[in-house]
Structure formats: structure tokens, C-alpha cells
Amino acid sequence: MAILDFGSCNVDVVFTVEHINAPGETQTALAFARYPGGKGLNQAIALQRAGADAWIAGCVGEDDPFLRKLLRDEGVNCDCLCAVSGPTGQAIIQVDSKGENSIVAFPGANFRVTREQILTTLQQFGKQGRWVILQNEISNLPYIVAQAKELGLRVMLNPSPYNDVMKEIDLEMVDVLILNQVEACQLFGTDSEDFLKRMERDYPNTRVMLTLGSRGCIYMEQGKRMYQDAYRVNAVDTTGAGDTFTGYFAALMDRGEPMERVLKVASAAAALSVTRSGAAVSIPKLDEVLAWMEDLPG
Ligand code: RIB
């Protein structure tokens with residue numbers, strides 16, 4: 001079945017630097033590149049490369065230099081991607097010598113998503129699929145969650161970047177909450193363990209997919225937890241690793257693969273993505289991920 005990613009599309013302007021700038025500091029970048037990005041676009045491409053029938057909805061500017069073409073070339077359905085006046089979303093990204101990043105994003109067209117577009121999109125998609133994947137980089141996010149539930153669709157929410165919009169969303173309406181440990185702490189102001197206990201107590205029907213960076217990930221459903229270690233790789237650029245994980249997780253889960261395998265393959269895909277520069281362009285295809293896993297020692 002088709003999977004809809006309703007999310008952001010950005011042009012990522014990436015500076016490779018020795019270290020992430022301190023306040024007031026100026027440094028000379030070692031390299032510069034312009035890549036396709038945005039959490040919505042990255043996740044849609046990860047879905048498609050994991051073998052799903054991906055749809056994307058959202059907005060790009062009429063100036064869109066290459067994002068729609070890239071999505072189409074990948075095979076992502078762009079029927080619900082609107083062109084609006086004003087600039088396409090932009091992100092300025094510093095990537096340091098350890099592959100860590102620092103991102104500032106300007107929403108541009110991503111904040112032009114209207115309620116009308118949301119209703120039309122969800123009604124159109126509802127005939128093709130059941131899962132809607134969301135992040136927090138577009139306008140009217142709480143409305144999308146509410147309308148998706150109203151139409152009987154399933155919601156996977158990645159509360160990234162975390163901000164006050166999240167307080168407007170009832171987590172009861174979220175079928176799968178997929179987030180990292182920083183976002184987990186921002187959500188409830190506690191550590192990862194307290195976050196999981198609170199989710200189990202207050203939102204027992206919301207499945208949780210918590211990623212812990214180099215410490216792996218934890219999946220929790222009805223209080224039962226499953227752990228997966230992270231694969232060790234030499235990190236070049238961690239940008240988009242979470243999006244790669246999310247797309248793979250959703251694609252394999254929707255196909256009904258056993259959860260143990262879903263976690264393994266999604267973790268391997270995310271690990272491979274950090275060995276390359278860029279966000280969307282670093283996402284591996286499924287056969288490459290499976291071949292890499294087979295070649296691993298032990
Ligand atoms: O998750 C990575 C993405 O976050 C980047 O591609 C950037 O555009 C920001 O949206």
C-alpha cells in the first residue's frame with residue numbers, strides 16, 4: 001500500500017567545517033555543497049528506496065530548483081506537492097570533522113501548507129494507503145493529525161524539530177511516535193527511561209520508536225520493549241540519518257516484516273547513510289543495505 005509523507009522540502013546548503021561554530025566565531029569552511037533535503041523529502045526518498053510506494057505532500061516555492069524533479073525521478077508520487085509563491089525552504093548546515101551537524105532551517109514554502117490542501121490531500125490519499133508520516137517542519141501540523149484520524153488513517157509522528165506546536169497534539173491520536181532521545185526529553189522534560197515509562201502509563205496505545213544514536217534504539221508496544229544495537233561505522237555526515245531510519249522503519253513495518261527485522265534493517269540503512277555526505281543523496285537502496293548486512297562479520 002502507498003505511504004504518505006506530509007512534510008518539508010528544503011535546499012540544504014552545507015558547509016564542511018573543522019568544528020561547529022561558537023557564538024561570535026567566524027571560520028573558513030573546508031567544503032561547500034548544495035543538496036536536496038528537508039525531513040519530509042528525505043523520509044519520502046527513504047520510503048521509496050526501502051521499496052515502498054511513497055507519496056509526498058507539502059509545498060515548494062515556484063522557484064523550486066530541483067526538488068520536484070528529484071522526487072519524480074525517484075518514483076515518489078508528487079500529485080499532492082504544491083507550488084506556491086515565495087522561496088522554497090532552505091537549511092544552512094554545518095557538518096564537523098566527526099560528522100555531527102548543526103542546522104538552521106528557514107521554512108519558506110513549507111509554512112504555506114493550508115487546511116484546504118490538507119483536506120484534499122488526505123481524501124485523495126485515503127483511497128490508496130493507510131499510513132501518514134509527519135514531522136514538525138510544515139504549517140497546520142495539529143490539523144493534519146486530527147484530520148488524518150478523522151478519515152481513519154494511521155499517523156506516524158516524528159516530533160522534529162521539537163517546539164510548542166507539539167503541545168497542541170494529543171499523543172492519543174498518534175499511532176507511532178518516532179523520535180530521538182533529545183526530543184523525548186523535550187517532550188516530557190525527563191530522561192529516556194522516564195519518557196518510556198510515562199508513555200506506557202499515559203499513552204498505552206501509542207507505539208514508541210526511540211532512537212539513541214550510537215547506543216541503538218528501543219521499540220515499545222503495549223509496554224513490551226525490543227532493543228537493537230547500532231551498527232558501528234565511520235561517520236562522515238549524520239544529517240538525514242534519522243530520516244533514513246524513519247523511512248525504512250515505516251516501509252518495512254507496513255509490509256508486515258517482523259519487528260526484529262524492521263529494527264535491524266532500519267538501523268543498517270541509517271548507519272550506511274552516515275558514511276556519505278548529504279541527507280537525501282546519502283540514503284541507500286534496500287538491496288545495498290541487505291548486501292552490506294550480509295557482508296558484516298559474525
Ligand atoms: O533531518 C535532516 C534535515 O533537517 C535536513 O535535510 C534539513 O533540511 C532539515 O530539514
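Numbering of ligands and ligand atoms starts at 1, following listing order. What you see is a predicted model, and the numbers here were worked out from it, not measured in a lab.
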Handout entry: Check: E183 side chain, N180 main-chain N or O, donor-acceptor pair, under 3.5 Å
Key = yes

Handout entry: Structural part of L41 in contact with ligand 1, heavy atom criterion under 4.0 angstrom
Key = neither

Practice task
Decide whether N205 and E172 meet the rule of one side-chain donor and one side-chain acceptor closer than 3.5 Å.
Solution key: no

Handout entry: A105 near ligand 1 by a heavy-atom separation under 4.0 Å
Key = no

Handout entry: T246 and N158 side chains, donor-acceptor separation under 3.5 Å
Key = no

Exercise for the section: Enumerate the atoms of ligand 1 whose separation from the nearest heavy atom of A279 is less than 4.0 angstrom. Expected result: 6 (O)

Completion exercise
closest protein heavy atom to atom 4 (O) of ligand 1 is K39 NZ, 3.1 Å

Exercise for the section: May I ask you to identify the nearest protein heavy atom to atom 9 (C) of ligand 1, giving residue, atom name and distance to one decimal place in Å? Expected result: E137 OE2, 3.5 Å

Exercise for the section: Tell me which protein heavy atom sits closest to atom 3 (C) of ligand 1, plus the residue, atom name and distance to 0.1 Å. Expected result: N42 ND2, 3.7 Å

Handout entry: S8, any N or O under 3.5 Å of ligand 1 N or O
Key = no

Problem - Nearest-0.5 Å distance that lies between atom CG in L196 and atom OH in Y219 - result: 12.5 Å

Fill in the blank from the handout: Note: ligand 1 atoms sitting under 4.0 Å from heavy atoms of N10 are 7 (C), 8 (O), 9 (C), 10 (O)

Fill in the blank from the handout: G37 heavy atoms within 4.0 Å reach ligand 1 at atoms 6 (O), 8 (O)

Fill in the blank from the handout: Between L210 and S192 the two heavy atoms that sit nearest each other are CD2-CB, 4.0 Å

Handout entry: Nearest-contact summary for atom 2 (C) of ligand 1 - protein heavy atom, Å
Key = D243 OD2, 3.4 Å

Handout entry: Over all atoms of both residues, closest heavy-atom pair of S160 and E137
Key = O-CG, 4.1 Å

Practice task
Enumerate the atoms of ligand 1 whose separation from the nearest heavy atom of A91 is less than 4.0 angstrom.
Solution key: 7 (C), 8 (O)

Exercise for the section: Go through the steps to decide whether K149 and D175 satisfy the test salt bridge (Lys or Arg N to Asp or Glu O under 4.0 Å), and finish with yes or no. Expected result: CA-CA 10 Å; K149 293 316 287 179; D175 296 276; 2.7 Å; yes

Problem - Nearest-contact summary for atom 8 (O) of ligand 1 - protein heavy atom, Å - result: D12 OD1, 2.6 Å

Problem - Residue pair D63 / T88, side-chain donor-acceptor N/O under 3.5 Å - result: yes

